[in-house]
Amino acid sequence: MTDRSGHLEAGSKASSPLLLRGLRKAFGDVQAVDGLDLEVLQGECFGLLGPNGAGKTTTIEVCEGLTAPDEGTVELLGLNWGTDANELRQRIGIQLQETQFTEKLTVEETLRLFRSFYRHGISVDESVRTAQLEEKRKSRVGGLSGGQKQRLAMACALVGDPELLFLDEPTTGLDPQARRHLWDLVDELKQAGRTIILTTHYMEEAERLCDRVAIMDHGRVIALGTPQQLIATVGGEDIVEFAVSSSQVPKGEGPGAPRVQVDVEKLTAISGVQSHRVDAGLHQLSVSELHTTVPLIFAALAAEGLHMSEFRTHSATLEDVFVRLTGRNLRDE
């Protein structure tokens, strides 16, 4: 049994499909992974998030057996790549960011090829149904859309009936409809009790699919918990975003005018305001009790002779958590 945060309760005997202890990996002078400890629990969808250069991809490659660690322990299903590589390949599934298929093979032929690699697994018919590719069964891979190729890649990852599934940015580059089709498929896999490791650059995706997420930066985990727990750390239920201009600026004076200064101390002293930051000229306030705090923000700005040229609110998200922790957006290069 686990508690709501995903941690094992006292006395629990549940196994951990993925366990990392003291993981380190360097490339020359760059320490990509720096003493990482991580545990993924049975049956959960676990999200690994981080900007480029955070060590996320290296961590996943080590877990998948594609890269050897410099130090540390890596256990998958109680096994390790050093002594149990052949067995692990039979029991895990991997969907890479981009899979290069033989384009002249049909969908069915591709799945038959991948199925032949495993001692046990699901039938090609079931793989086709799972990926919702019945109508494309006899179609050549080269004629599939991007979303259909991603569903085929997912089917290939599942054809061995894996106990542990790695999905590395499975919806990158897909249109919104194709992305949601993949989400539905992942939901079905979760309902079936599979353990899934998901990396993504889409915060909505992580919030929708993941039971727990770990945010990485500089080779370490800097935050870990359920999406709801991490969002609660922002300090407010909502985010207020606004840009200001001075009521004294002459009409027609354009973007070249000096940036208007805001008295941050007065803003953060307002009841309900938890924190303040500026991102590309846009002020962001984390607030509670939106309906009472927003009028006070308006009044404080008006008292300084300022008015809002932009204004919007949204519920706090994982993106807000990441920005607060690292000072940069998740998708920054």
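Residue numbers run from 1 in the order of the sequence given.
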| field | Full working for side chain to side chain donor-acceptor pair (under 3.5 Å) between Glu98 and Gln100 | value | CA-CA 7 Å; Glu98 184 177 352; Gln100 297 296 327; 2.9 Å; yes

Shortest non-hydrogen separation from [X] to [Y] and the atoms involved:
| X | Y | answer |
| --- | --- | --- |
| His291 | Pro295 | O-CD, 3.3 Å |
| Ala155 | Ser127 | CB-O, 3.9 Å |
| Gly43 | Asp211 | O-OD2, 4.3 Å |
| Cys45 | Lys190 | CB-CD, 3.9 Å |
| Ala206 | Pro227 | O-CG, 4.2 Å |

Distance-only, no hydrogens or angles: does the [X] side chain make a donor-acceptor pair with backbone N or O of [Y] under 3.5 Å?
| X | Y | value |
| --- | --- | --- |
| Trp81 | Leu88 | no |
| Gln148 | Ser145 | yes |
| Asn80 | Thr83 | yes |
| Thr233 | Leu230 | yes |
| Thr102 | Lys104 | no |
| Thr293 | Leu290 | no |
| Gln90 | Arg119 | yes |

Any heavy-atom pair between the side chains of [Y] and [X] that's under 4.5 Å?
| X | Y | result |
| --- | --- | --- |
| Val213 | Leu224 | no |
| Leu76 | Phe166 | yes |
| Lys149 | Thr99 | no |
| Leu306 | Gln261 | no |
| Leu198 | Val186 | no |
| Leu158 | Thr130 | yes |
| Ser275 | Thr268 | no |
| Asp125 | Arg137 | yes |

[X] [atom1] to [Y] [atom2] distance, which is reported to the nearest 0.5 Å:
| X | Y | atom1 | atom2 | result |
| --- | --- | --- | --- | --- |
| Leu111 | Leu152 | CG | CG | 5.5 Å |
| Glu319 | His314 | CD | NE2 | 8.5 Å |
| Glu87 | Ile92 | CD | CD1 | 11.0 Å |
| Ile270 | Thr292 | CD1 | OG1 | 10.5 Å |
| Leu49 | Asp217 | CG | CG | 11.5 Å |
| Ile239 | Ile231 | CD1 | CD1 | 10.0 Å |

| remark: Residue set satisfying side-chain contact (heavy atoms from CB on, under 4.5 Å) with Gln95, at least two apart, ordered chain then number -> Gln150, Ala153, Met154, Ala157, Leu167, Pro170

| said: Filter on side-chain hydrogen bond (donor to acceptor under 3.5 Å, both in side chains), then keep only pairs touching residues 173-183, sequence neighbours left out; what's left? | reply: Arg179-Tyr202, Arg180-Glu204, Trp183-Glu205

[X]/[Y] ion pair, N-O < 4.0 Å:
| X | Y | result |
| --- | --- | --- |
| Glu108 | Lys138 | yes |
| Asp84 | Arg91 | no |
| Asp161 | Arg115 | no |
| Glu310 | Arg312 | yes |

| query | Any luck finding a side-chain donor-acceptor pair between Glu39 and Ser16 under 3.5 Å? | reply | yes

| query | Do Asp238 and Thr313 get their side chains close enough for a donor-acceptor pair, meaning under 3.5 Å? | reply | no

| query | Quick one: salt bridge (charged side-chain N to carboxylate O under 4.0 Å, His left out) partners of Asp263, sequence neighbours excluded? | reply | none

| message | Suppose we screen for salt bridge (charged side-chain N to carboxylate O under 4.0 Å, His left out). Which residues come up paired with Glu126, at least two apart in sequence or across chains? | response | none

| said: Quick one, Gln132 with Leu185, criterion side-chain contact (heavy atoms from CB on, under 4.5 Å). Give me CA distance, side-chain angles, the key distance, then yes/no. | reply: CA-CA 9 Å; Gln132 301 175 9; Leu185 180 52; 5.7 Å; no

| The single option from Thr110, Ile94, Leu113 passing side-chain contact (heavy atoms from CB on, under 4.5 Å) against Cys156 | Thr110

| request: Quick one: do Arg212 and Glu44 satisfy salt bridge (charged side-chain N to carboxylate O under 4.0 Å, His left out)? Show the steps, please. | output: CA-CA 8 Å; Arg212 288 192 303 152; Glu44 75 174 336; 2.8 Å; yes

Could you tabulate the donor-acceptor pairs under 3.5 Å formed by side-chain atoms of residues 17-36, not counting sequence neighbours?
{"unit_1": "Arg24", "atom_1": "NH1", "unit_2": "Asp34", "atom_2": "OD1", "d": "2.4"}
{"unit_1": "Lys25", "atom_1": "NZ", "unit_2": "Ala68", "atom_2": "O", "d": "2.9"}
{"unit_1": "Gln31", "atom_1": "NE2", "unit_2": "Val33", "atom_2": "O", "d": "2.8"}
{"unit_1": "Asp34", "atom_1": "OD2", "unit_2": "Arg220", "atom_2": "NE", "d": "3.4"}
{"unit_1": "Asp34", "atom_1": "OD2", "unit_2": "Arg220", "atom_2": "NH2", "d": "3.4"}

| Over 12 foreign heavy atoms within 6.0 Å of CD, Glu265 | no

| request: Can you establish whether the number of heavy atoms outside Arg140 located under 6.0 Å from its atom CZ is more than 12? | output: no

| Common cluster, Ile122/Leu164, ILVMFWY with side-chain heavy-atom separation under 4.5 Å | no

| message | Listing request: all salt bridge (Lys or Arg N to Asp or Glu O under 4.0 Å) pairs with a residue in residues 51-69, at least two apart in sequence or in separate chains. | response | Lys56-Glu169

| His283 vs Phe242 aromatic rings, parallel, tilted or perpendicular, using cut-offs 30° and 60°? | parallel

